[in-house]
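The shown structure was predicted, so the numbers you read here are calculated from the model rather than taken from an experiment.
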Amino acid sequence: MLDPELLERITARRAELDDLEEQLAKQLAEVRAERDELAIAERVLERVSDQLADEWASAAPIPGQVGGRAVMLIPHREPDADESTLPPDYQRILTAVRQAAGPVMAREVGEAVGVDIGVKAKLEPLRSKLVRLVNRGWLRKLPDGRFTTRL
């Protein structure tokens with residue numbers, strides 16, 4: 001004959017294990033769903049990163065040729081970069097902007113470096129150089145069109 005108390009304990013334990021199994025099955029389903037979402041996110045991130053890398057590569061400036069070697073005439077500014085890596089006329093432009101009392105217009109830089117600012121055809125190449133320095137991280141252009149040094 002079976003002990004009713006022992007039978008009751010077995011039934012109660014089976015019910016506890018059934019509940020635990022249900023909870024674990026639910027957790028397992030949630031874990032699998034999250035892993036699937038992460039795998040999708042990883043694929044999307046890789047795809048977007050590849051696309052951005054392609055866009056950046058196509059937007060990268062084309063280096064010039066010096067002595068048969070490809071070099072960028074106006075390099076991007078790096079934390080340890082020195083102005084001496086720039087051509088002399090760009091160094092003079094940076095010096096003029098740095099020595100100004102504050103943000104300057106292209107005209108003011110032209111006066112400082114000796115460009116005939118009365119002739120628009122001579123001022124526009126200077127403005128182009130200023131913008132190139134901005135694009136490479138050496139200078140900053142304010143919304144009002146004035147130029148200043150990077151912080």
[atom1]-[atom2] distance between [X] and [Y], expressed to the nearest 0.5 angstrom:
X: Arg35; Y: Arg32; atom1: CZ; atom2: CZ; answer: 8.5 Å
X: Arg136; Y: Leu133; atom1: CZ; atom2: CG; answer: 9.0 Å
X: Arg77; Y: Leu86; atom1: CZ; atom2: CG; answer: 10.0 Å
X: Ile40; Y: Glu42; atom1: CD1; atom2: CD; answer: 11.5 Å
X: Trp138; Y: Arg98; atom1: CH2; atom2: CZ; answer: 8.5 Å
X: Thr11; Y: Leu6; atom1: OG1; atom2: CG; answer: 9.5 Å

When you look at [atom1] of [X], are more than 12 heavy atoms from neighbouring residues, nucleotides or ligands closer to it than 6.0 Å?
X: Glu46; atom1: CD; value: yes
X: Glu21; atom1: CD; value: no
X: Glu16; atom1: CD; value: yes

(message) Checking the side chain of Glu108 only, and the main-chain atoms of Met105 only, is there a donor and an acceptor separated by less than 3.5 Å?
(response)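 Between the backbone of Met105 and the side chain of Glu108 there is a qualifying donor-acceptor contact (under 3.5 Å).
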
Decide yes or no for [X] and [Y]: does some side-chain heavy atom of the first lie under 4.5 Å from some side-chain heavy atom of the second?
X: Asn135; Y: Arg132; result: no
X: Ile93; Y: Leu130; result: yes
X: Arg47; Y: Asp50; result: no
X: Leu28; Y: Leu24; result: no
X: Asp89; Y: Lys129; result: yes

(request) Apply the side-chain contact (heavy atoms from CB on, under 4.5 Å) test between Leu139 and each candidate in Val109, Leu94, Thr148; give the one that qualifies. (result)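 Output: one option passes, namely Leu94.
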
Of all the heavy-atom pairs spanning [X] and [Y], show the shortest one and how long it is.
X: Val113; Y: Ala96; result: CG1-CB, 4.0 Å
X: Arg146; Y: Asp144; result: NE-OD2, 2.6 Å
X: Arg140; Y: Val134; result: C-CG2, 4.1 Å

(request) In sequence, state the C-alpha distance, the side-chain angles, and the governing distance for Ile117 and Lys122, and then conclude on side chain to side chain contact (heavy atoms under 4.5 Å, CB included). (result) CA-CA 7 Å; Ile117 61 169; Lys122 293 190 177 185; over 6 Å; no

(message) Using the rule given for salt bridge (Lys or Arg N to Asp or Glu O under 4.0 Å), can you reason through Arg127 versus Glu124, listing the C-alpha separation, both sets of side-chain angles and the distance that settles it, and then say yes or no?
(response) CA-CA 5 Å; Arg127 191 179 321 276; Glu124 287 309 311; 3.3 Å; yes

(message) Would Glu83 and Arg92 count as a salt bridge (Lys or Arg N to Asp or Glu O under 4.0 Å) here? Give the steps.
(response) CA-CA 10 Å; Glu83 289 178 24; Arg92 286 193 302 276; over 6 Å; no

